[in-house]
Engineer: 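I am attaching a structure below and will ask some questions about it afterwards.
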Amino acid sequence: MAATLDPMRAANRISGQRPYCWKVVSMDGRSITTSCGLTLQVDGRFAPQDRCDVLIVVAAFNVTGHASPSMLAAVRQAARRARMVGGVEAGSWVLAMAGLLDQRRATTHWEDLEDFAVRFPQVRVIPDRWVVDGTVFTTGGAAPALDFMLALVRARQGFGAALNVASLYVYDEVRLPSDAQPLVSLGRNSRIDPRLTRSIRIMEQHIDTTLTIHDIAKRIGCSIRTVEILFRRSTQCSPAVYYLSLRLQAARRLVTDTRLPMADIAVRTGFSSIASLSRAFRRQFGQTPSAARKGSQI
């Protein structure tokens with residue numbers, strides 16, 4: 001649940017807006033006690049007649065015992081009113097029992113892959129971390145759910161936003177010791193040109209004392225034109241715009257999470273004055289730094 005929900009919260013925080021909103025529901029509207037004993041509060045009862053952008057079913061142990069005919073009927077009804085439907089971990093079982101994975105590619109947690117394939121021969125079961133087939137997606141567990149949500153953020157808000165969300169979790173690709181559920185995430189760092197990765201790392205290390213794009217290109221052994229192409233191909237913006245966005249994200253964190261004076265924040269994020277910080281901040285986030293601080297939780 002956390003791996004599915006929190007990337008949206010993080011994307012909202014990074015953007016300074018609310019591109020994502022969500023509602024957590026249970027079948028009867030009551031809170032849920034998880035297997036670790038944590039009580040999960042919900043926003044209400046599942047209303048399958050409501051329309052939504054994405055319907056995500058999160059499930060875990062003893063899913064076959066919980067998936068009653070009435071619940072499966074409700075999921076089928078809700079799926080018809082959703083633009084996209086997903087199953088996280090054992091949520092894949094719910095979708096399969098509801099007939100929503102028939103003739104589709106799908107996955108589930110690696111411990112259950114064999115049983116899943118035997119139980120649902122009409123589903124094309126593959127051992128990937130997460131799978132999208134048409135308007136239906138399935139994930140193999142918590143980390144794959146995070147992989148998928150990062151890819152969703154990337155598709156909807158761009159590469160830079162997804163990278164910033166991943167950075168909040170200090171999330172790096174980790175190869176598993178087994179190939180039973182190999183990494184196939186569209187957001188895998190190994191698929192990013194290493195020159196682009198090095199460029200971004202250099203930018204992150206020089207938030208306060210900004211470098212020119214010429215300096216960055218020289219450090220990675222490329223021409224300015226090559227750096228421009230690398231960024232436009234992967235981030236759909238110029239390296240200068242991406243660099244400015246990194247600095248403004250850092251500025252926003254300092255504005256909302258600390259009580260540092262605005263002058264200090266401007267210096268720490270490479271702006272020559274409070275006025276230049278304020279102008280760039282407003283263009284990026286639609287409000288001044290002072291307004292952002294006033295509206296924060298601090």
Engineer: Tell me, do Arg80 and Leu100 make a side-chain contact under 4.5 Å, heavy atoms counted?
Structural biologist: no
Engineer: For Met97 and Arg76, work out which heavy atoms get closest and say how close.
Structural biologist: O-NH1, 4.2 Å
Engineer: Does Val94 form a side-chain contact (heavy atoms from CB on, under 4.5 Å) with Leu72? I'd like the steps, not just the answer.
Structural biologist: CA-CA 7 Å; Val94 176; Leu72 296 176; 4.1 Å; yes
Engineer: Using the side chain to side chain contact (heavy atoms under 4.5 Å, CB included) criterion, which residues pair with Ile126? Sequence neighbours excluded.
Structural biologist: Arg105, Asp128, Val131
Engineer: How long is the span from the CZ atom in Arg124 to the CG atom in Leu101, to the nearest 0.5 Å?
Structural biologist: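 CG of Leu101 is found 12.0 Å from CZ of Arg124.
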Engineer: List for me each residue that meets side chain to side chain donor-acceptor pair (under 3.5 Å) alongside Glu204, sequence neighbours excluded, and say none if there are none.
Structural biologist: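 By the side chain to side chain donor-acceptor pair (under 3.5 Å) rule, Glu204 matches Arg201.
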Engineer: What pairs with Ser238 under side chain to side chain contact (heavy atoms under 4.5 Å, CB included), at least two apart in sequence or on another chain?
Structural biologist: Glu228, Arg232, Ala240, Val241
Engineer: Could you please spell out the steps behind the side-chain contact (heavy atoms from CB on, under 4.5 Å) verdict for Leu168 and Arg13?
Structural biologist: CA-CA 11 Å; Leu168 290 179; Arg13 179 190 179 203; 4.1 Å; yes
Engineer: Using every non-hydrogen atom in the two residues, find where Leu95 and Val57 come nearest and quote the distance to one decimal.
Structural biologist: CD2-CG2, 4.0 Å
Engineer: Is Ile229 reachable from Ile224 through a run of hydrophobic residues whose side-chain heavy atoms are each under 4.5 Å from the next?
Structural biologist: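 Ile224 does not cluster with Ile229.
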Engineer: Does any pair with a residue in residues 57-98 pass ring-ring contact (aromatic ring centres under 6.0 Å, His included), and if so which ones, sequence neighbours excluded?
Structural biologist: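 Qualifying pairs: Trp93-Phe116, Trp93-Phe120.
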Engineer: Please find the pair of heavy atoms, one from Leu277 and one from Met262, that lie closest to each other, and give the distance.
Structural biologist: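 Nearest heavy atoms, Leu277 then Met262: CD2-O, 4.1 Å.
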Engineer: Just how far is it from atom CZ of Arg253 to atom CG of Leu248, taken to the nearest 0.5 Å?
Structural biologist: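 Reported value, rounded in 0.5 Å steps: 11.0 Å.
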Engineer: Could you check whether any side-chain heavy atom of Val75 comes within less than 4.5 Å of a side-chain heavy atom of Met71, counting everything from C-beta outward?
Structural biologist: yes
Engineer: Consider only side-chain N and O atoms of Asp215 and Thr212, and report whether a donor and an acceptor are under 3.5 Å apart.
Structural biologist: yes
Engineer: Are any of the side-chain heavy atoms of Pro7 and Tyr169 separated by less than 4.5 Å?
Structural biologist: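 They are in side-chain contact.
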Engineer: Sequence neighbours excluded, which residues qualify as side chain to side chain contact (heavy atoms under 4.5 Å, CB included) partners of Leu254?
Structural biologist: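 In terms of side chain to side chain contact (heavy atoms under 4.5 Å, CB included), with neighbours along the sequence ignored, Leu254 is linked to Thr258, Leu260, Ile265, Arg268, Thr269.
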Engineer: Which pair of heavy atoms, one from Ala90 and one from Val63, lies closest together, and at what distance?
Structural biologist: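 In terms of heavy atoms, the two residues are closest at O-CG2, 3.8 Å.
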Engineer: With no hydrogens and no angle check, just 3.5 Å: does a side-chain donor-acceptor pair link Thr288 and Ser290?
Structural biologist: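 Absent: no donor and acceptor within the cut-off.
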Engineer: Is it possible for you to say whether Leu246 and Val267 belong to one hydrophobic cluster, with membership spreading through side-chain heavy-atom contacts below 4.5 Å?
Structural biologist: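 Shared cluster, no.
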Engineer: To the nearest 0.5 Å, what is the distance between CG on Leu163 and OG on Ser245?
Structural biologist: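 The OG atom of Ser245 is 10.5 Å from CG of Leu163, to the nearest 0.5 Å.
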Engineer: Report the C-alpha separation of Arg247 and Met203 in whole Å, then their side-chain angles, then the decisive distance to 0.1 Å, and conclude whether the side-chain contact (heavy atoms from CB on, under 4.5 Å) test is met.
Structural biologist: CA-CA 9 Å; Arg247 291 163 54 211; Met203 290 177 179; over 6 Å; no
Engineer: Taking C-beta and beyond as the side chain, do Leu40 and Ser31 meet within less than 4.5 Å on heavy atoms?
Structural biologist: no
Engineer: For Ser92 and Thr107, indicate whether the former's side chain and the latter's backbone hold a donor-acceptor pair under 3.5 Å.
Structural biologist: yes
Engineer: Please find the pair of heavy atoms, one from Ala161 and one from Ile14, that lie closest to each other, and give the distance.
Structural biologist: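 For Ala161 and Ile14, the tightest heavy-atom pair comes out as O-CD1, 4.4 Å.
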Engineer: I need the Phe137 CZ to Leu152 CG distance, nearest 0.5 Å.
Structural biologist: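 With rounding to 0.5 Å, CZ (Phe137) is 7.5 Å from CG (Leu152).
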Engineer: Could you check Val165 against Met149 for side-chain contact (heavy atoms from CB on, under 4.5 Å), going step by step and ending with a plain yes or no?
Structural biologist: CA-CA 10 Å; Val165 172; Met149 295 306 295; over 6 Å; no
Engineer: About how many Å separate CZ of Arg279 and OG of Ser273, when rounded to the nearest 0.5 Å?
Structural biologist: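 Ser273 OG to Arg279 CZ: 6.0 Å, rounded to 0.5 Å.
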Engineer: Please, which pairs that meet ring-ring contact (aromatic ring centres under 6.0 Å, His included) have at least one residue in residues 220-248, sequence neighbours excluded?
Structural biologist: Phe231-Tyr242
Engineer: Side chains of Leu244 and Thr210: closer than 4.5 Å at any heavy-atom pair?
Structural biologist: no
Engineer: If you define the side chain from C-beta out and look only at heavy atoms, does anything of Thr64 sit under 4.5 Å from Arg119?
Structural biologist: yes
Engineer: What's the spacing between Asp6 CG and Asn12 CG if we round to 0.5 Å?
Structural biologist: 10.5 Å
Engineer: Checking the side chain of Arg81 only, and the main-chain atoms of Gln49 only, is there a donor and an acceptor separated by less than 3.5 Å?
Structural biologist: yes
Engineer: If you compare all heavy atoms of Ala59 against all heavy atoms of Glu89, which two are closest, and at what distance to 0.1 Å?
Structural biologist: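 Residues Ala59 and Glu89, closest heavy atoms: O-CB, 3.8 Å.
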Engineer: Looking at side-chain heavy atoms only, is the closest gap between Leu55 and Phe46 below 4.5 Å?
Structural biologist: yes
Engineer: Using a 4.5 Å cut-off on heavy atoms from C-beta on, say whether the side chain of Thr139 contacts that of Asp147.
Structural biologist: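 SC-SC contact between Asp147 and Thr139 ruled out.
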Engineer: Donor-acceptor pair, distance only, cut-off 3.5 Å: does the side chain of Asp43 make one with the backbone of Val25?
Structural biologist: no
